[in-house]
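Beneath this line is the structure, given in structure tokens, with notes to follow.
Below, chains carry the letters A, B, ... as their sequence lines are ordered, and counting in each starts from 1. Small disclaimer: the values here were computed from a predicted structure and weren't measured.
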2 protein chains.
Amino acid sequence: MNNKELQSQRMKRYFIDAAKEILAEDGVKKLSVRKVGDRAGYSYATIYNYFRDVNELLTYCLADMLEDAYRALIAEKEEGLDPRVQLIRYGERYFSYFSENPVLFQLLFIEDLGTEPEEVTEKMGDLPSVGQLLIESIAACAMAGYILEDEVEVLAELIASSIHGKLLFVLKRRSLESQDVVLKKIRSEIRYLIRRKR
Amino acid sequence: MNNKELQSQRMKRYFIDAAKEILAEDGVKKLSVRKVGDRAGYSYATIYNYFRDVNELLTYCLADMLEDAYRALIAEKEEGLDPRVQLIRYGERYFSYFSENPVLFQLLFIEDLGTEPEEVTEKMGDLPSVGQLLIESIAACAMAGYILEDEVEVLAELIASSIHGKLLFVLKRRSLESQDVVLKKIRSEIRYLIRRKR
DNA sequence: ATAATGAATTTAACAGTGTTAATAATATGA
DNA sequence: TCATATTATTAACACTGTTAAATTCATTAT
């Protein structure tokens with residue numbers, strides 16, 4: 001019966017949207033199943049008819065947020081742009097997007113949501129890995145002669161992990177620096193790494 | 001009355017040690033004030049006579065762990081060693097120490113323990129910042145002619161945040177790579193970054 | 001239309017959490 | 001030894017996620 005499936009999807013959507021609202025307003029820590037049920041207009045126990053547990057619900061939220069994140073990142077793509085400039089744009093956008101969406105960072109990198117349901121893993125796997133765009137444009141930098149072919153791998157790792165490290169510091173306020181200052185650092189780091197060695 | 005102070009210190013120590021044991025065995029998430037009280041041989045409520053809340057207790061645990069961490073790191077210092085080799089050792093040890101002590105990473109970078117009590121902030125501030133050693137040996141690399149003076153800052157930032165980024169991935173098992181593989185990456189990254197540009 | 005069956009939802013309950021106020025036990029000083 | 005502080009414990013509160021039982025609702029058959 002396909003109606004069942006449709007209705008089930010809608011119910012899930014109510015809870016997911018309610019959860020996303022609460023996440024945006026109060027953060028991960030202050031979310032509770034009772035709040036989600038309340039906001040969705042149902043009892044808290046109803047949630048368990050549609051999700052295995054609260055982690056599964058949060059995983060669906062994460063998948064949603066990842067789609068948005070990917071769209072925001074890919075919007076920075078500009079055909080014909082110098083690959084070095086393109087790379088810097090990706091790096092900046094990647095960092096600033098997580099800065100502005102700390103809940104996404106929390107759910108993706110910090111929180112332990114356990115084994116994701118297949119449906120969501122697919123969704124997340126189908127999207128080119130967020131870091132993939134970085135790698136592509138670094139490869140393009142090699143093609144353009146900025147760097148050597150055999151530098152691509154190490155540089156990709158370096159830039160990606162550096163950005164993630166800075167995100168960790170900024171979002172967990174271990175760093176006192178403003179996001180602006182860190183953004184500049186990312187720019188200058190990439191400029192430093194991607195240039196013809198004389 | 002100085003006896004009071006001494007007794008209070010001892011009581012704190014009982015709870016701190018009990019908490020550290022539980023942290024080592026079960027991790028941060030499974031720790032509870034009732035377990036700590038049990039293990040320390042007191043009622044759970046007694047804890048609140050010595051600590052403002054559980055976060056304060058955890059902050060004391062963190063301070064303890066940081067002392068050990070600093071000792072482990074500084075043990076890698078070897079006078080007269082080539083600064084590039086010294087830097088690689090620091091990087092490796094820094095990474096592997098957190099890998100082997102994920103609770104330390106959790107408490108230091110992930111968990112939000114709120115405003116630390118002054119007593120502990122001092123303790124942590126007195127210790128040369130853990131990353132400080134890295135910076136020193138990078139500066140030494142400049143002195144030795146491996147890199148230019150004006151590269152020190154960007155390289156220090158780059159190496160530090162890269163290691164933290166990798167730690168985040170490994171410890172939150174976002175990365176499927178073994179710690180061994182990541183360790184090799186750290187080595188090769190530092191080797192790549194610290195060398196005379198021809 | 002009415003009764004019966006099955007599905008969806010809610011209420012009640014459980015075991016756990018951190019924290020606080022009132023009570024019990026202990027140690028201190030006169 | 002008795003009165004007074006100090007310290008420790010018990011009981012309680014307001015939460016949390018989760019499950020089982022009870023209830024409501026919708027659909028189908030008579």
Side-chain angles (χ1 to χ4, degrees), chain A residues 1-20 22-23 25-62 106-107 110-117, chain B residues 1-19 22-23 25-62 103 106-107 110-117:
Chain A
M1 201 147 275
N2 212 339
N3 268 358
K4 292 285 161 196
E5 190 55 32
L6 177 66
Q7 291 167 15
S8 176
Q9 291 290 333
R10 280 180 184 154
M11 287 295 287
K12 280 186 183 177
R13 179 50 49 193
Y14 297 148
F15 290 118
I16 294 169
D17 288 341
K20 282 170 71 181
I22 296 172
L23 287 174
E25 290 169 17
D26 302 336
V28 178
K29 212 172 180 181
K30 290 190 177 174
L31 177 137
S32 77
V33 290
R34 282 168 172 85
K35 283 188 197 168
V36 174
D38 246 40
R39 167 104 39 157
Y42 290 90
S43 165
Y44 49 86
T46 309
I47 292 172
Y48 291 89
N49 288 355
Y50 298 93
F51 303 93
R52 176 162 25 88
D53 53 28
V54 68
N55 281 337
E56 184 169 307
L57 171 59
L58 287 177
T59 306
Y60 278 94
C61 292
L62 171 57
Q106 181 87 13
L107 290 178
I110 308 284
E111 220 65 31
D112 195 12
L113 301 180
T115 49
E116 292 103 7
Chain B
M1 201 147 280
N2 212 340
N3 267 357
K4 293 283 160 199
E5 191 55 33
L6 176 66
Q7 290 167 16
S8 176
Q9 291 291 331
R10 280 180 184 154
M11 287 296 286
K12 280 186 184 177
R13 178 50 49 193
Y14 296 149
F15 290 120
I16 293 169
D17 288 342
I22 296 171
L23 287 174
E25 290 169 17
D26 303 336
V28 178
K29 211 171 180 181
K30 290 190 178 175
L31 176 137
S32 78
V33 291
R34 282 167 173 84
K35 283 188 198 168
V36 174
D38 245 39
R39 166 107 37 159
Y42 289 91
S43 166
Y44 49 87
T46 308
I47 292 172
Y48 291 89
N49 288 354
Y50 300 92
F51 302 94
R52 177 166 19 93
D53 53 28
V54 67
N55 281 337
E56 184 169 308
L57 171 59
L58 287 177
T59 307
Y60 278 94
C61 294
L62 171 57
V103 171
Q106 180 89 11
L107 290 179
I110 308 285
E111 219 66 30
D112 195 11
L113 301 181
T115 50
E116 292 103 8

With sequence neighbours excluded, residues passing side chain to side chain donor-acceptor pair (under 3.5 Å) with [X]:
| X | answer |
| --- | --- |
| B:Q7 | none |
| A:K20 | A:D64 |
| B:R34 | none |

Using a cutoff of under 3.5 Å, can you pull out all pairs of nitrogen or oxygen atoms linking the protein to nucleotides 13-20 of chain D, with atom names and distances?
| from | atom 1 | to | atom 2 | distance (Å) |
| --- | --- | --- | --- | --- |
| D:dT16 | OP1 | A:S32 | OG | 3.1 |
| D:dG17 | OP1 | A:V33 | N | 3.3 |
| D:dG17 | OP2 | A:V33 | N | 3.0 |
| D:dG17 | N7 | A:R34 | NH1 | 2.7 |
| D:dG17 | O6 | A:R34 | NH2 | 3.1 |
| D:dT18 | OP2 | A:Y48 | OH | 2.7 |
| D:dT18 | OP2 | A:V54 | N | 3.0 |
| D:dT18 | O5' | A:Y48 | OH | 3.4 |
| D:dT18 | O4 | A:R34 | NH2 | 3.3 |

Taking [atom1] from [X] and [atom2] from [N], how many angstroms apart are they, rounded to a whole number?
| X | N | atom1 | atom2 | value |
| --- | --- | --- | --- | --- |
| A:F15 | C:dA8 | CZ | P | 13 Å |
| A:F51 | C:dT9 | CZ | P | 12 Å |
| A:Y14 | C:dT9 | OH | P | 10 Å |
| A:R10 | C:dA8 | CZ | P | 15 Å |
| B:L57 | C:dT19 | CG | P | 10 Å |
| B:N49 | C:dT26 | CG | P | 16 Å |
| B:L6 | D:dT6 | CG | C1' | 16 Å |
| B:D38 | D:dA8 | CG | C1' | 14 Å |

Fill in: Nearest-nucleotide comparison on DNA chain C, the residue closer to the 5′ end among A:M11 and B:Q7
A:M11
Fill in: B:I16 side, atom CD1; B:F51 side, atom CZ - distance, nearest 0.5 Å
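So the gap between those two atoms works out to 4.5 Å.
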Discussion item. Return the CD1 to CE distance between B:I47 and B:M11, rounded to the nearest 0.5 Å.
Written reply: 9.5 Å
Worksheet, complete the sentence: Residues at least two apart in sequence or cross-chain that pass salt bridge (charged side-chain N to carboxylate O under 4.0 Å, His left out) with B:D17, listed by chain then number, are B:R13
Worksheet item: So, is A:Y50 close to the C:dT9 phosphate, meaning a side-chain N or O under 4.0 Å from OP1 or OP2?
Response: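 For C:dT9, OP1 or OP2 has a side-chain N or O of A:Y50 closer than 4.0 Å.
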Worksheet entry | Degree of bending, the helix from C:dT9-D:dA22 to C:dA30-D:dT1 (end axes from five pairs; round to 10°) | 30°
Side chain to side chain contact (heavy atoms under 4.5 Å, CB included) with [X]: which residues, sequence neighbours excluded?
| X | answer |
| --- | --- |
| B:D53 | B:N55, B:E56 |
| B:D38 | none |
| A:K30 | A:D26, A:K35 |

